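First the structure, in the form of structure tokens, and then the observations on it.
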Amino acid sequence: MNNLNYTLFEEYKVLDKLCGEIYDDPHGVTRYIEDMKKVSPSIYRHLPNWQIDLEHLKLIRHIRNYLAHTQGAFDETVCTEQDITWIRDFYSRLLKQSDPLALLYQYSKTTPKKAAAKPAPQPQRPLPVPQFSLNNKRLPETNTEESRSSDRSSSIFPLLAILLVIGVLLLAAFCIYITLSISLLSSLSSPSFYGIRYSDLLNKFFYFI
């Protein structure tokens, strides 16, 4: 019988018993492995050697099962001194509560406190937009309402000027019309003007108007 195989087999039984007491289950190591598999990588990446411990636990369980269920397996060399040392070290970490699942529990308790300690982000204030002229100098800010009123007044002035010109032209045409009418009526006392009857001349005048 290989002494290393026997030593590993006995050390595994001690480890399995301790895990069984924790879980109240005769297959303690298997229950420990199953709990480690349930943890997502986004969580266990914060814990040291998580994946290494998981793979080593599965390897040790596989060696134990091979020794227990394979005839003549104890006569072979299926383990090393390092495997036995690792089992003893893991057993010691279980007692000190520095094993992977114990560290996970401690991490889950401290993480909410770290998140709560972070200050809440302050709302950002809008920054003033600088105005620049062509020579890259800042221009003074102007009142928006005043600029709008000045724009309206500047657009009204041309319209008033056009209306004034039209009014003057209409007034001048009206004065000319009155003057011609008066002069025409004053000359109606004569029956003709250069051989043209005034009644015909008056009719033609109003026709053109």
Side-chain angles (χ1 to χ4, degrees), residues 1-133 136-141 144:
M1 179 182 292
N2 191 302
N3 289 332
L4 289 179
N5 294 340
Y6 179 79
T7 303
L8 183 140
F9 193 84
E10 292 300 320
E11 292 290 344
Y12 183 91
K13 286 196 299 184
V14 175
L15 177 63
D16 195 39
K17 181 181 178 181
L18 178 59
C19 292
E21 292 174 356
I22 296 173
Y23 286 100
D24 193 17
D25 189 299
H27 306 288
V29 173
T30 299
R31 288 289 306 276
Y32 197 101
I33 292 173
E34 290 175 353
D35 282 351
M36 289 189 71
K37 287 180 178 180
K38 295 177 184 178
V39 182
S40 64
S42 61
I43 298 177
Y44 72 66
R45 66 185 178 88
H46 300 285
L47 305 175
N49 302 325
W50 178 281
Q51 198 65 24
I52 296 176
D53 287 336
L54 177 59
E55 295 300 326
H56 221 138
L57 273 176
K58 291 192 293 184
L59 175 63
I60 296 301
R61 184 183 60 174
H62 175 71
I63 295 174
R64 180 265 170 196
N65 292 338
Y66 179 78
L67 292 173
H69 302 293
T70 304
Q71 186 176 4
F74 279 93
D75 296 328
E76 304 174 11
T77 303
V78 295
C79 66
T80 62
E81 286 282 357
Q82 288 78 10
D83 296 328
I84 298 172
T85 302
W86 186 90
I87 294 177
R88 292 170 178 170
D89 176 72
F90 193 82
Y91 182 88
S92 175
R93 284 191 282 158
L94 280 173
L95 295 177
K96 297 176 182 178
Q97 295 185 352
S98 59
D99 59 284
L101 292 180
L103 294 176
L104 175 65
Y105 176 73
Q106 297 170 14
Y107 175 78
S108 63
K109 289 179 62 177
T110 57
T111 300
K113 295 181 180 179
K114 292 180 180 179
K118 293 182 180 180
Q122 299 294 329
Q124 296 183 355
R125 297 181 179 178
L127 298 177
V129 180
Q131 298 180 358
F132 295 93
S133 62
N136 206 24
K137 294 182 179 179
R138 183 164 182 170
L139 300 176
E141 297 182 357
T144 305

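Fair warning: this is a prediction, and the values are worked out from it, not measured in the lab.
Contact annotation: the side chain of Ile87 never approaches that of Val14 to less than 4.5 Å [non-hydrogen atoms, C-beta and beyond]. Contact annotation: the side chain of Asp53 never approaches that of Asp99 to less than 4.5 Å [non-hydrogen atoms, C-beta and beyond]. Side chains of Cys19 and Leu94 form a contact here, defined as non-hydrogen atoms less than 4.5 Å apart. Between His56 and Asp83, some side-chain heavy-atom pair lies under the 4.5 Å cut-off. Looking at Leu54 and Ile33, their side chains come closer than 4.5 Å, going by heavy atoms from C-beta outward.
The OG1 atom of Thr7 sits 4.5 Å away from atom CD1 of Ile84, with the distance rounded to the nearest 0.5 Å. Separating the OG1 atom in Thr30 from the NZ atom in Lys58 is a distance of 12.0 Å, to the nearest 0.5 Å. Separating the CH2 atom in Trp86 from the CD1 atom in Ile52 is a distance of 10.5 Å, to the nearest 0.5 Å. Going from atom CG of Leu104 over to atom NZ of Lys38 covers 12.5 Å, rounded to the nearest 0.5 Å. With values rounded to the nearest 0.5 angstrom, Leu4 atom CG is found 11.5 Å from Glu11 atom CD. Taken to the nearest 0.5 Å, the CD atom of Glu10 stands 10.0 Å off from the CG atom of Leu8.
Nearest heavy-atom pair, Ala73 versus Leu67, reported as atom, atom and distance to 0.1 Å: O-CD2, 3.7 Å. Leu47 approaches Leu103 most closely through the heavy-atom pair CD2-O, 3.9 Å.
Under 4.0 Å is where a charged nitrogen must lie from a carboxylate oxygen, and between Arg64 and Asp16 no such pair does. In this structure, Lys37 does not pair ionically with Glu34, as no charged nitrogen and carboxylate oxygen lie closer than 4.0 Å. With respect to the salt-bridge test (charged N to carboxylate O, under 4.0 angstrom), the residues Asp89 and Arg93 qualify.
Judged by distance alone, with hydrogens and angles left aside, the side-chain atoms of Gln106 form a donor-acceptor pair with the main-chain N or O of Gln97 at under 3.5 Å.
When the shell of 6.0 Å around CD of Gln51 is examined, it contains more than 12 heavy atoms from other residues, nucleotides or ligands.
For residues 28-54, every residue pair satisfying the ring pair (Phe, Tyr, Trp, His ring centres under 6.0 Å) rule, not counting sequence neighbours, is listed here: Tyr32-Phe90, Tyr44-Trp50, His46-Tyr107.
In this structure Phe9 satisfies the ring-ring contact (aromatic ring centres under 6.0 Å, His included) test together with Phe74, sequence neighbours excluded.
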